[in-house]
Number of protein chains: 2
Amino acid sequence: MAERVRLIDVAREAGTSVSTVSRALNGSDLISPEVVAHVRAVAGQLGYRADKRAQEFKLGRPLTVGVTVPDLTNPFFSEVLKGLNASARAGGYRLLIGESSEDPAEELRLVDELVDYSGALVLCSSRLTRAGLEKALAQPVPVVCINRTVKNAGVVAIDYRAASRLLLEHLTGLGHRRVLYVGGPATSWSDGERRRTLRRTARALDVTLDEIDGGWSGNHGYDAGPTVLHSRATAVITFNDLVGIGLLSWMYDNGVEVPSELSVASYDDIPIAAYSRPPLTSLRNERAKLGELAWEQLTKRLGGADWPAPDLLTPELVVRASTGPARRRARIR
Amino acid sequence: MAERVRLIDVAREAGTSVSTVSRALNGSDLISPEVVAHVRAVAGQLGYRADKRAQEFKLGRPLTVGVTVPDLTNPFFSEVLKGLNASARAGGYRLLIGESSEDPAEELRLVDELVDYSGALVLCSSRLTRAGLEKALAQPVPVVCINRTVKNAGVVAIDYRAASRLLLEHLTGLGHRRVLYVGGPATSWSDGERRRTLRRTARALDVTLDEIDGGWSGNHGYDAGPTVLHSRATAVITFNDLVGIGLLSWMYDNGVEVPSELSVASYDDIPIAAYSRPPLTSLRNERAKLGELAWEQLTKRLGGADWPAPDLLTPELVVRASTGPARRRARIR
DNA sequence: TTGTACGCGTTATCAG
DNA sequence: CTGATAACGCGTACAA
């Protein structure tokens with residue numbers, strides 16, 4: 001374990017001073033080319049590597065963006081992280097991750113902890129209460145919220161109004177008049193938005209909309225099976241594809257034909273949605289782009305500008321075999 | 001944006017010195033309780049928060065563990081990250097993430113970059129060549145490899161020998177004598193291990209094993225459909241569940257009955273595997289535990305001990321409906 | 001028990 | 001153009 005080579009070692013070896021070495025290495029403007037070459041040579045020879053931590057410490061805020069997600073294993077967040085990471089990295093920043101386990105209190109602790117090491121924060125699908133969010137925004141670093149609208153912060157979100165309209169219009173176009181929504185986590189803002197926009201659109205389209213609570217995983221969808229079956233809906237919209245696939249699975253296990261007896265559609269269109277039986281009609285959204293836009297907002301803000309207007313991403317309906325014409329259900333159990 | 005309160009501000013306000021404040025706050029041994037109380041009170045009142053970066057800078061190595069994964073959206077890695085993150089956090093460390101995009105060169109760059117900010121490194125399913133791995137291990141911080149065996153580093157991996165045996169024994173028990181393996185990414189060590197152990201076990205069980213190349217996503221499985229169908233195998237083992245589900249989907253689209261005409265089994269048993277049609281027979285492994293064990297090895301090592309012996313996790317076969325008795329296929333196209 | 005002074009590794013300021 | 005030197009915010013010998 002060789003001793004770490006420091007700036008002063010290079011200076012000594014090059015027969016000059018630390019300032020010169022620093023300048024030579026950082027490409028300062030006023031310095032003789034020969035010295036630069038010499039210093040660089042010596043540095044290379046000695047295997048010198050600047051201590052990035054010391055640099056950033058000296059320079060000010062850390063080039064790190066702290067991110068919180070409710071659950072690392074949720075494919076939606078994985079892709080957001082992917083996009084955010086790529087952009088941030090391209091901008092010279094690194095990602096410090098925090099997982100709240102869907103727990104608002106934990107999320108607040110995370111924010112409090114991450115901010116100590118971060119120059120900016122991204123809250124992905126924050127589960128914080130309104131009050132909690134206020135506290136988070138009071139941090140001395142810029143904060144962007146993904147899928148959560150809020151004042152005085154960056155906002156990047158899916159346009160759920162458009163999303164819900166696409167879904168319901170598709171279903172009414174197939175003749176469905178009675179739709180059931182299987183919801184997501186109670187703390188999820190986007191679940192609230194989905195419900196709100198669905199209700200509103202349902203009213204406009206004269207569709208009867210019922211709602212039940214759910215969650216975000218396949219289990220939640222599977223467990224909702226009996227309730228769904230006993231409802232009078234001819235079509236179901238699920239919080240996301242995992243729930244949708246779980247529900248499809250229950251229907252299959254219980255001999256309910258999809259889509260002839262029941263249509264199922266969903267939000268997100270994660271890759272696996274194309275491979276369910278039947279393939280799931282879903283709303284494609286650019287999740288990675290959510291992360292990229294979050295980073296864009298951050299850079300602008302870090303550059304001294306005010307927060308840009310919220311970025312709203314309009315999803316696209318991918319129609320697959322899980323939705324079909326409305327028909328009276330053959331069997332009721 | 002209030003000015004940041006520093007140690008010296010607290011000292012001034014408390015009418016004492018920085019060292020006293022520092023000691024009081026850090027619970028030093030020799031200091032009068034009253035002073036401690038007083039300092040704490042003042043600090044609290046001023047809303048003092050230690051600059052963690054300065055602390056860590058002063059104290060030495062950063063309390064951060066850098067992690068590389070080939071792809072953030074691969075569910076396998078998500079769960080590893082989840083486990084690692086939870087453990088590391090419990091140990092006072094944070095996770096700095098890096099995604100190599102399945103590119104060995106990029107992974108090496110990542111290692112080189114992350115090490116500047118990390119007190120330890122975890123390479124998850126490293127795609128590095130042997131030489132690249134050598135370089136990575138030459139870093140001045142301890143490195144743990146997940147799903148990759150190597151000398152002079154921590155190693156945590158799935159026991160693929162046991163895994164492959166479980167799979168093949170299950171299939172031979174159903175009468176299959178001709179099995180096809182649909183492989184994963186060429187740079188994947190674990191794909192290599194799966195092949196190696198499958199071959200070896202196939203020989204022992206007198207099973208004919210064929211292999212084709214694939215990848216890690218549903219598309220790879222779907223695209224392998226025609227080749228699989230035209231092979232003479234009665235059972236297929238796929239690199240992972242995503243590939244398996246993609247393959248199932250192709251079989252369905254093309255009217256091939258699973259498992260009556262073809263059995264499909266796979267590695268990993270990600271949650272969605274239970275919801276495919278038919279549900280996928282797969283090898284359950286504790287992915288989160290891989291992360292936890294990696295952290296355990298790291299703490300031991302950071303504590304000054306030698307690297308512990310590699311941790312091998314034995315998977316468990318979850319038999320579902322995608323595997324059944326071998327039968328001559330009804331149709332060949 | 002407390003305070004002073006120094007150092008962590010770097011960059012920036014200010015003389016020269 | 002270059003070299004001392006002062007920070008950045010904190011912990012801790014050493015001295016008192």
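A, B, ... follow the sequence lines: proteins, then strands. Residue 1 opens every chain.
Salt-bridge annotation for A:Asp9 and A:Arg12: present, with a side-chain N of the basic residue lying under 4.0 Å from a carboxylate O of the acidic one. Look at B:Arg49 and A:Asp112 and you find a salt bridge, because one of the NZ, NE, NH1 or NH2 atoms lies within 4.0 Å of a carboxylate O, short of that distance. The pair A:Glu106-A:Arg109 meets the salt-bridge criterion, since a charged nitrogen lies less than 4.0 angstrom from a carboxylate oxygen.
Distances from the side chain of B:Thr16 to the nucleotides C:dT10, D:dT2, C:dT2 place C:dT2 closest. Distance from the side chain of B:Ser17 is smallest for C:dG3 among the nucleotides D:dG11, D:dC8, C:dG3.
Each end of the helix from C:dT1-D:dA16 to C:dG16-D:dC1 gets its own rotation axis from five pairs of C1' atoms, and the angle between them is 50° to the nearest 10 degrees.
In this structure, CH2 in A:Trp216 is found 7.0 Å from CD in A:Glu102, a value given to the nearest 0.5 Å. If you take CD on B:Glu107 and CG on B:Leu128, they are separated by 3.5 Å, rounding to the nearest 0.5 Å.
A:Ile31 comes within 4.0 angstrom of sugar-phosphate atoms only, judged by non-hydrogen atoms across all strands, and of no base. Heavy atoms of B:Leu59 sit under 4.0 angstrom from primed sugar atoms or phosphate atoms, though from no base atom.
Residue order along DNA chain D, read from the 5' end via each residue's closest nucleotide, puts B:Ala54 first among B:Thr20 and B:Ala54. Residue-to-nucleotide proximity on DNA chain D shows that, of B:Lys58 and A:Gly15, the 5′-proximal contact is made by A:Gly15. Nearer the 5' end of DNA chain C, as judged by each residue's closest nucleotide, is the contact made by B:Val35, out of B:Val35 and B:Phe57.
What separates CZ of B:Arg12 from P of D:dC10 is a distance of 13 Å, to the nearest Å. The CD1-C1' distance, from B:Ile8 to D:dT12, rounds to 16 Å in whole Å. Taking atom NE2 on A:His38 and atom C1' on D:dC1, their separation rounds to 17 Å, with Å as the unit. If you take OH of A:Tyr117 and C1' of D:dG9, they are 14 Å apart, rounded to a whole angstrom. Here C:dC8 presents its P atom at 13 Å from CZ of A:Arg4, a figure rounded to the nearest Å. C:dT11 atom C1' lies 12 Å from atom CG of A:Leu25, rounded to whole Å. Atoms CG (B:Asp51) and C1' (D:dA7) sit 14 Å apart, rounded to a whole Å. Protein atom CZ of B:Arg53 is 19 Å distant from nucleotide atom P of D:dA7, rounded to whole Å.
Results of the side chain to side chain contact (heavy atoms under 4.5 Å, CB included) test with A:Pro70 over A:Ser188, A:Ser125, A:Ser126 single out A:Ser125 as the only residue that passes.
For the OP1/OP2 pair of C:dT10 and a distance below 4.0 Å, the side-chain nitrogens and oxygens of A:Tyr48 include at least one atom meeting the criterion. For D:dG11, the OP1/OP2 oxygens have a side-chain nitrogen or oxygen of B:Ser22 closer than 4.0 Å. Residue B:Gln55 places none of its side-chain N or O atoms closer than 4.0 Å to OP1 or OP2 of D:dG9.
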Distance-only donor-acceptor pairs under 3.5 Å for side chains of residues 71-78 of chain B, two or more places apart:
{"residue": "B:Asp71", "atom": "OD1", "partner": "A:Lys82", "partner atom": "NZ", "Å": "3.2"}
{"residue": "B:Asp71", "atom": "OD1", "partner": "B:Thr73", "partner atom": "N", "Å": "2.7"}
{"residue": "B:Asp71", "atom": "OD1", "partner": "B:Thr73", "partner atom": "OG1", "Å": "2.6"}
{"residue": "B:Asp71", "atom": "OD2", "partner": "A:Lys82", "partner atom": "NZ", "Å": "3.2"}
{"residue": "B:Asn74", "atom": "OD1", "partner": "B:Phe76", "partner atom": "N", "Å": "2.9"}
{"residue": "B:Ser78", "atom": "OG", "partner": "A:Ser78", "partner atom": "OG", "Å": "3.4"}
{"residue": "B:Ser78", "atom": "OG", "partner": "B:Leu72", "partner atom": "O", "Å": "3.4"}
{"residue": "B:Ser78", "atom": "OG", "partner": "B:Asn74", "partner atom": "O", "Å": "3.4"}

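You'll find a donor-acceptor pair under 3.5 Å spanning the side chain of A:Ser19 and the base of D:dA4, going by distance alone. Remark: the B:Arg23 side chain and the C:dG3 base include a donor-acceptor N/O pair separated by less than 3.5 Å.
Atom CG of A:Asn152 sits in a sparse spot, with 12 or fewer heavy atoms from other residues, nucleotides or ligands closer than 6.0 Å.
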